[in-house]
Amino acid sequence: MKESDLMLRHPLAAYLRQERMPHIWCEGCGNGVLLNSFFEALDKLKLDLDKVVVVSGIGCIGRAAGYVNVDSFHTTHGRAIPFATGVKLANPELEVVVISGDGDLFAIGGNHFIHAARRNVDIKVICANNFNYGMTGGQYGPTTPLGSWTTTTPYGSIEHPFNLVHLAAASGAVYVARWTTLQVRKLTDSIKKALGKEGFSFVEVISPCPEIYDRYNKLGTAVEVMKWFKLISQTQHGCTPENAEISKRQIIIGEFVDIKKPSYGRLLREMTTRVKESFQEKKAK
Amino acid sequence: MEKRNKTTLSGKHFLSGDLACAEGAIAAGCRFFGGYPITPATEIAERMARRLPEVDGVYIQMEDEIGSIAAVIGASYTGKKAMTATSGPGFSLMQENIGLAVMTEAPLVIVNIMRGGPSTGQPTMPGQQDVMQARWGSHGDYEIIAIAPSSVQEMFDLTIECFNLAETYRVPVLLLADEIIGHMWEKVEIPPREEITIINRKKPKAQPKEYKPFKPAKNLVPPMACFGEGYRFHATGLTHDEDGKPQTVSVEEQNKLVKRLCDKIRKNAEDIIKVEEVTLEDAEVAVIAYGITSRAALSAVRKARKKKIKAGLLRLITIWPFPGKLVAEIAGKVKAIIVPEMNYGQLVREVERAAKTTPVFLLSKLGEEPHRPAEIVSAIEEVLK
């Protein structure tokens, strides 16, 4: 059987732009797992795919927008979130999902992330965190663990990394979760839940980078990294995000924030209705 | 506070340039504004924040100008007419995403109320120092449309024109005004709504399955589907083919795309360009000016004529694409060209290029005051000696 036939028979084939395959990702990369979980979440929710928009920034996972069979936009580096904000506010009917990487969302795009979370804009952000800039060949980034090796930390990183779930929670996200690419079902459930929430939701996906980061740091093959994820992942739902550690000893996974708060879109609609009513009254006089 | 009880204004109004710009945008159908406060463009944001909810539009104040232009591109892709307004420093921050808007052919309007630069410069003072940044500010080869209003009336009229051009050619269009035009108050006459020409982007006729988002029509502009309409298309800042598929190493696709993006402006330049010509027929000296400077230039040309000096004015309403052909024709007939600008010599370079051997003189002004007509008259007399 040909590879293309197999693809057509895949239950989630309809979600993928098959004519864009093969993708650019390395063997063993976690991006495919992330995308699969996203598709499965869409499938379970039976969302109208004509009303889903995927926005990404620049980087390996940035190419995801080109692979999904929905309206999609591949923005400039770091700007997926403000672009998505414009889309969502201009057409609230659309389900707007940002899929991007740790460097894109938290270094060059960090300011947009915290402000979108603060406003509680009704967008969902899924971040593939592979601890480095893979697309450019493995430089250190805002999530690279202290002491790690990358091409620009040849003596080990001397920068403290962000704890993304802590940052998201502190900025005002209504839903915050973290999984590794090993916990596919949990990840899918989380994405599903994020899609159903009103407001800014954030799902961090710890993802292997076997060709670059994992190799520099001698973490082994993709399979070995997945085994390592299994060994050190610890589910702690409701853990204070500040304490949701990522280290060589353990990765705390789970749902850390799940709260209710009116979204920017709701407040905007309420305000607009109020203004329009008084405007109509003025007009009638 | 004045009474505003209409969706779009009509009749006579006393407005500042910034307010007239906002009203023009609303009249043009703008229903999304993403911006960040900056002198001397802030009043546009303030007016939009108040007015947009009245007409079911969205105002959002973003965290910076990079976010503002990104949000505006996003809104444009949903089919909304969208804009932002800024000044020099904010305009600099927007440059990368202006390139994205060019590459993804997002119709939108960027207003730049120019102040004194470089850097923070003189925030409350006028300038025309962003003329070349408007043309070349983003990396890569591209063409852009930039329009320079010279009155409050034109802040209204030409803002509508900007939206019409953006929708026609699927490009970001720049309204390049200066601080004086932005803050000056004048009478504005707004025609009844039905008399205002509004152009909307062409929608695709193809079925979603056959739709190629970047396949151009005859005028080199692709019809535009919007998010949520069932076309399920992909747009990217990467070089792409007609289908929107990234083509990062194809020489052919790079040539095809970059040339089309430039040619859709170059080949339609005659339809885009607007100028005003005053007593140029028999002129021995031509003054070429735009924006606030053109008002002093007009007065100077009239004063010169009273002194029996054959002077004429070419007022550029469209700065980019530059009317090089017309300037070359004028240069062939006159003895000299004078270019008064509130910068240290920007558009004058373009005039020189077109004028070839005809002498071109820059009349530069930096700082608070615009040119006085008498200064331009003196320059006209000087070049004829």
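Numbers restart at 1 for each chain; the letters A, B, ... are given by sequence-line order, proteins then strands. Small disclaimer: the values here were computed from a predicted structure and weren't measured.
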Using a cut-off of under 4.5 Å for heavy-atom pairs, which of [options] has the most such pairs with chain A?
options: B/Asn97, B/Leu100, B/Asp64; answer: B/Leu100
options: B/Glu96, B/His234, B/Lys80, B/Arg31; answer: B/His234
options: B/Ile73, B/Val72, B/Ile60; answer: B/Ile60
options: B/Gly74, B/Gly79, B/Gly244; answer: B/Gly74

Is it true that, when you exclude [X] itself, more than 12 heavy atoms of the residues, nucleotides or ligands shown sit nearer than 6.0 Å to its [atom1]?
X: A/Phe106; atom1: CZ; value: yes
X: B/Lys215; atom1: NZ; value: no
X: A/Glu27; atom1: CD; value: no

Can you tell me which of [options] forms the most heavy-atom pairs within a distance under 4.5 Å of chain B?
options: A/Asn111, A/Val68, A/Asp48, A/Val55; result: A/Asn111
options: A/Ser72, A/Gly86, A/Pro82; result: A/Ser72
options: A/Leu89, A/Val52, A/Thr76, A/Ile81; result: A/Thr76
options: A/His77, A/Lys51, A/Glu93, A/Arg119; result: A/Arg119
options: A/Asp50, A/Val96, A/Thr273; result: A/Asp50
options: A/Arg274, A/Met271, A/His112, A/His115; result: A/His112

Is the closest side-chain heavy-atom distance between B/Pro246 and A/Arg20 below 4.5 Å?
yes

Practice problem: Using a 4.5 Å cut-off on heavy atoms from C-beta on, say whether the side chain of B/Glu63 contacts that of A/Phe113. | Solution: no

Quick check: closest heavy atoms across [X] and [Y], and the distance to 0.1 Å?
X: B/Pro53; Y: A/Thr272; result: O-CG2, 3.5 Å
X: B/Phe227; Y: A/Asn91; result: O-ND2, 4.2 Å
X: A/Leu94; Y: B/Thr78; result: CD1-CG2, 4.3 Å

Less than 4.5 Å to any heavy atom of chain A: does that hold for the side chain of [X], its backbone, both, or neither?
X: B/Lys245; answer: both
X: B/Thr104; answer: side chain
X: B/Tyr77; answer: side chain
X: B/Phe233; answer: both

Measure from the side-chain N and O atoms of A/Asp71 to the backbone N and O of B/Arg232, and report whether any donor-acceptor pair falls under 3.5 Å. yes

Cut-off 4.5 Å, heavy atoms of chain B, and the answer for A/Ile58 is neither

Cut-off 4.5 Å, heavy atoms of chain B, and the answer for A/Arg17 is side chain

message = Could you walk me through whether B/Thr236 and A/Phe73 satisfy the side chain to side chain contact (heavy atoms under 4.5 Å, CB included) test, starting with their C-alpha distance in whole Å, then the side-chain angles of each, then the deciding distance to 0.1 Å, before giving a yes or no?
response = CA-CA 6 Å; B/Thr236 171; A/Phe73 201 102; over 6 Å; no

Taken to the nearest 0.5 Å, the spacing of A/His74 NE2 from B/Leu238 CG works out to 5.0 Å

